[in-house]
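Let me begin by presenting the structure, written as structure tokens, before commenting on it.
Fair warning: this is a prediction, and the values are worked out from it, not measured in the lab.
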Amino acid sequence: MPYYIQRLYNACKASFSPTGPVSDEAIEKIRTMLEKIKPSDVGLEQEVQVVRNWSGPVHERNGSSHQSLPAIKYMHLHECNSFSIGIFCMPASSIIPLHNHPGMTVLSKLIYGSLHVKSYDWLNLPEPEDPLQVRPAKLVRDMEMTAPCASTTLYPRTGGNIHCFVAQTPCAIFDILSPPYSAKLGRDCTYFCRSPRRDLPGELEVNGVVTEVTWLEEFQPPDNFVIQRGRYKGPVIRT
């Protein structure tokens with residue numbers, strides 16, 4: 001029988017197209033498979049041992065104004081026009097700043113460790129003509145997650161498409177994106193921060209419903225925010 005990661009790839013190949021998932025049932029099939037993935041399926045047994053021996057927090061953060069920790073590593077498993085598969089390995093206290101996934105569906109699974117996730121969706125309002133203009137967003141998730149835990153699914157307009165991570169311990173996030181990032185096709189990754197402006201309302205009425213809002217604006221991550229290419233040590237995916 002093929003390795004589990006190969007079976008997951010095969011299911012992704014049948015479930016995703018260059019415009020995204022082929023159906024809701026396809027998303028559910030991948031989500032169900034993602035629930036079962038283990039660190040040993042992707043060659044991360046040694047990294048899990050580090051978490052088991054973890055003894056406490058550190059104070060510097062990758063992505064903050066302090067001296068950075070060892071860089072976050074991204075392990076590339078596969079990318080085609082329809083989907084990408086990869087793993088982010090984050091040192092404790094490292095940060096992936098608030099960022100978006102325009103027009104994309106994202107299935108994620110925390111496969112070891114603990115992290116804090118905060119996510120937003122844009123309010124259903126016309127987009128501003130100036131992309132640098134502040135925009136109102138609603139909070140979707142603000143919580144700590146510890147593996148083993150349920151996978152998450154983000155949709156183009158719902159589910160917390162704009163999110164950030166803070167690693168509480170060393171941790172790893174397994175990501176499937178459909179379709180993948182593509183600057184040429186208008187799916188570039190943009191980073192955001194909370195607007196410092198104090199003249200903006202904390203609530204807005206949309207379709208007769210009053211909603212608490214957070215105003216977000218684009219920003220450039222600090223220079224010490226580094227993501228390096230990591231070496232994938234799991235079974236080779238045969239395409």
Side-chain angles (χ1 to χ4, degrees), residues 20 57-69 71-72 74 88 90-108 110 114-145 152-168 171 173 175 177 179-227:
V58 293
H59 299 292
E60 297 91 355
R61 286 182 170 176
N62 181 331
S64 75
S65 59
H66 301 291
Q67 180 180 359
S68 64
L69 289 170
I72 297 165
Y74 178 73
F88 288 93
M90 300 178 65
S93 292
S94 62
I95 299 171
I96 297 180
L98 201 62
H99 62 283
N100 66 347
H101 310 82
M104 301 154 69
T105 298
V106 182
L107 295 99
S108 297
L110 181 66
S114 298
L115 59 75
H116 187 272
V117 58
K118 200 167 194 176
S119 64
Y120 299 87
D121 285 321
W122 296 123
L123 285 191
N124 188 21
L125 296 170
E127 293 188 17
E129 293 183 10
D130 180 0
L132 298 179
Q133 185 176 334
V134 295
R135 290 182 63 184
K138 59 182 177 181
L139 182 67
V140 174
R141 187 178 288 112
D142 186 2
M143 61 184 292
E144 185 170 316
M145 302 175 69
T152 59
T153 306
L154 318 180
Y155 299 94
R157 295 185 179 277
T158 62
N161 187 278
I162 311 156
H163 65 192
C164 62
F165 299 125
V166 179
Q168 308 296 310
C171 64
I173 307 154
D175 266 353
L177 283 59
Y181 282 115
S182 170
K184 184 172 70 172
L185 296 175
R187 297 192 301 269
D188 205 1
C189 182
T190 302
Y191 291 93
F192 298 91
C193 66
R194 191 166 186 158
S195 173
R197 287 176 51 180
R198 297 183 178 275
D199 60 327
L200 299 168
E203 295 180 339
L204 287 177
E205 183 174 334
V206 181
N207 298 326
V209 178
V210 176
T211 304
E212 288 189 18
V213 297
T214 301
W215 294 85
L216 303 179
E217 61 185 26
E218 292 188 21
F219 94 121
Q220 289 296 321
D223 291 340
N224 66 343
F225 172 60
V226 178
I227 297 181

Margin query: Return the CG to CD distance between L98 and E217, rounded to the nearest 0.5 Å.
Written below: 11.5 Å
Kindly list each side-chain donor-acceptor pair under 3.5 angstrom involving residues 184-193, sequence neighbours excluded, with atom names and distances?
{"from": "R187", "atom 1": "NE", "to": "P180", "atom 2": "O", "distance (Å)": "2.7"}
{"from": "R187", "atom 1": "NH2", "to": "P180", "atom 2": "O", "distance (Å)": "3.1"}

Item checked: Residues which pass side-chain contact (heavy atoms from CB on, under 4.5 Å) with T214, listed by chain and number, not counting sequence neighbours -> Y120, R194, L216
Checklist line | Set of residues satisfying side-chain hydrogen bond (donor to acceptor under 3.5 Å, both in side chains) with respect to S108, sequence neighbours excluded | finding: D175
Next item on the list: Please say whether the positively charged group of R157, taken as NZ for Lys or CZ for Arg, lies over the ring of W122, i.e. under 6.0 angstrom from the six-membered ring centre and within 45 degrees of the axis.
Entry: no
Notebook entry, point to check: Can you name the side-chain contact (heavy atoms from CB on, under 4.5 Å) partners of L123, sequence neighbours left out?
Noted result: L125, P136, K138, L204, V206, T211, V213
Note to self: Please evaluate residues S114 and E144 with respect to the criterion side-chain contact (heavy atoms from CB on, under 4.5 Å), reporting the C-alpha separation (whole Å), side-chain torsions for both, the decisive distance (0.1 Å), and the verdict.
What the structure shows: CA-CA 7 Å; S114 298; E144 185 170 316; 4.2 Å; yes
Checklist line | Euclidean distance, Y74 OH relative to I227 CD1, rounded to 0.5 Å | finding: 9.5 Å
Margin query: I'd like to check the side-chain contact (heavy atoms from CB on, under 4.5 Å) partners of E203; sequence neighbours left out, ordered by chain and number.
Written below: V210, E212
Note to self: Between D142 and H116, is there a side-chain donor-acceptor contact under 3.5 Å, judged purely by atom types and distance?
What the structure shows: yes
Checklist line | Residue pair M104 / N161: nearest heavy atoms and the distance that separates them | finding: O-ND2, 3.5 Å
Next item on the list: Applying ring-ring contact (aromatic ring centres under 6.0 Å, His included), name anything that partners F219, two or more places apart in sequence or on another chain.
Entry: none
Next item on the list: Indicate the atoms forming the closest heavy-atom contact of I95 with F225, along with that distance.
Entry: O-CE1, 3.3 Å
Margin query: Within this structure, what is the OG-CD distance for the pair S195 and Q133, rounded to the nearest 0.5 Å?
Written below: 10.5 Å
Check: If you look at every heavy atom in P221 and P97, which pair is closest and at what distance?
Finding: CB-CG, 4.3 Å
Checklist line | Whether D121 side chain and I162 backbone form a donor-acceptor pair below 3.5 Å | finding: no
Note to self: In terms of relative ring orientation, are H163 and H101 parallel, tilted or perpendicular, with 30° and 60° separating the classes?
What the structure shows: perpendicular
Check: What's the spacing between L110 CG and C171 SG if we round to 0.5 Å?
Finding: 6.0 Å
Checklist line | Gap separating the CG atom of L115 from the OG atom of S94, nearest 0.5 angstrom | finding: 9.0 Å
Notebook entry, point to check: Excluding sequence neighbours, so at least two apart, what forms side-chain contact (heavy atoms from CB on, under 4.5 Å) with T105?
Noted result: P21, I27, L107, T153, Y155, P156
Notebook entry, point to check: With sequence neighbours excluded, what pairs up with D199 under the salt bridge (Lys or Arg N to Asp or Glu O under 4.0 Å) test?
Noted result: R197
Checklist line | Considering all heavy atoms, the nearest L154-G159 contact | finding: CD2-O, 3.0 Å
Notebook entry, point to check: Distance from Q168 atom CD to M90 atom CE, nearest 0.5 Å?
Noted result: 9.5 Å
